[in-house]
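If you're wondering where the values come from, they're calculated on a predicted model, not measured in any experiment. In what follows, every chain begins at residue 1, and chains take the letters A, B, ... in the order their sequences are listed. All values below come from the heavy atoms of this structure, side chains included, with hydrogens, waters and symmetry mates left out.
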Amino acid sequence: MPELPEVETVVRELRSQVIGKDISQIVSLRDGTVNDRRENVSEIGVVISVRRRGKYIIIDTMNDVLLVHLRMTGKLIYAAEPGERSRFCRAEIHFKDGSLLYFDDVRTFGGIDILQKSELDGALSKLGVEPFSDEFTPSYLQKRMRNRIAPVKSILLDQREIAGLGNIYVCEILHRAGISPKRSGGKLSLEEIEKIVKETRQVLSEAIDKNGTTISDYRRVDNKQGEFQNFLRVYGKKRCHCGEEIARIKQSGRSSYYCPSCQK
DNA sequence: ATTGCTTCCTGAGCGC
DNA sequence: TGCGCTCAGGAAGCAA
């Protein structure tokens, strides 16, 4: 499930593959995957830059902008020339030099929006702070947690509060911070909030260094897997390093893994 | 304003 | 071998 480290890995790899290339066409192989929201449909143009905001991939071109979200099972796979499509290929981005990006997506939740540059800010306006920005401080998080009765797990997953965290990394962050996912956000001490901020940056940095976590579908642009799945401490685990059995509970429809002994 | 549930989708894994 | 069931979950939409 691509979260910030996986999307960041894809963005870095896309930069080295597609910047400077001229888009010839975008082929939609399934209704709903590609959404062209421009008023005037014309040449998209050369790729100027590739960026990330939360879990969104932003591909800036000369004339427009492509906003890609991988959701659960989306992948962007580079090929120097057209070959056999995967069974789950939903779209293709073709370049004038003959190379292309396949957009594969088993569960079809992901998509590619083609926007006018002026629409981009609006499309991203609801997203909260970036974990690596200066705005993500204990004081910011404390304000967002204040008086909240919702579990800290749910608040950290909310993209309007912090952009980029998903189920796997929130489980890992709370485990490293020693905080139970069941705790109400409003009941956390400043010291605990400081730990969350520190461990968020730490876990995400380590995961980016390992090119993300491949549990099932996530792949890099060259179709390789990430390696951080080998360093997970709690997500999908049976036993904690302390010897205690890892507990698994459902919180708003998602699995939370935690160690009842290490996380209070 | 906050919260939590439902929905979208399809493959994998499991019991029988 | 194959059927039916459950599970995985990001985020929008909606109801309370």
**OP:** Would you mind listing every ring-ring contact (aromatic ring centres under 6.0 Å, His included) that reaches into residues 117-162 of chain A, with sequence neighbours excluded?
**Re:** none
Original post:
So what does A/Tyr235 touch, heavy atoms closer than 4.0 Å: a base, only the sugar-phosphate, or nothing?
Top reply: sugar-phosphate
Original post:
Touch check for A/Thr73, heavy atoms < 4.0 angstrom, all strands: base, sugar-phosphate only, or nothing?
Top reply: nothing
**OP:** When you get a sec, tell me which of C/dG10, B/dT10, B/dT3 is the closest nucleotide to the side chain of A/Arg160?
**Re:** B/dT3
Subject >> Divergence of helical axes at both termini of the helix from B/dT2-C/dA16 to B/dC16-C/dG2 - five pairs an end, 10° steps >> reply: 50°
Subject >> Closest to side chain of A/Arg148, choosing from C/dG10, C/dG9, B/dT2 >> reply: B/dT2
Original post:
Just checking A/Ile149: base, sugar-phosphate only, or nothing, at a heavy-atom cut-off of under 4.0 Å?
Top reply: sugar-phosphate
**OP:** Write out all pairs satisfying salt bridge (Lys or Arg N to Asp or Glu O under 4.0 Å) with one or both partners inside residues 151-163 of chain A, taking only residues at least two apart or from two chains.
**Re:** A/Arg144-A/Glu161, A/Arg148-A/Glu161, A/Asp158-A/Arg160
Subject >> Side chain of A/His69 - closest among C/dA11, C/dG9, B/dT3 >> reply: C/dA11
Subject >> Proximal nucleotide (of B/dG11, C/dA11, B/dT3) relative to the A/Phe88 side chain >> reply: B/dG11
**OP:** Remember a base hit wins even if backbone is also touched, and classify A/Gln159 as base, sugar-phosphate or nothing at under 4.0 Å, heavy atoms.
**Re:** sugar-phosphate
Original post:
Is a side-chain donor-acceptor pair under 3.5 Å present for A/Ser42 with A/Asn40?
Top reply: no
Subject >> A/Arg146 vs A/Gly253, nearer the 5' end of DNA chain B by closest nucleotide >> reply: A/Arg146
**OP:** Check whether any side-chain N or O of A/Thr108 sits under 4.0 Å from OP1 or OP2 of B/dT10, and answer yes or no.
**Re:** no
**OP:** When you get a sec, tell me which of C/dA12, B/dG11, C/dG10 is the closest nucleotide to the side chain of A/Arg87?
**Re:** B/dG11
Subject >> Any A/Arg71 side-chain nitrogen or oxygen under 4.0 Å from OP1 or OP2 of C/dA11 >> reply: no
Subject >> A/Phe109 over C/dA11, stacked by centroid distance under 5.5 Å, angle under 30° >> reply: no
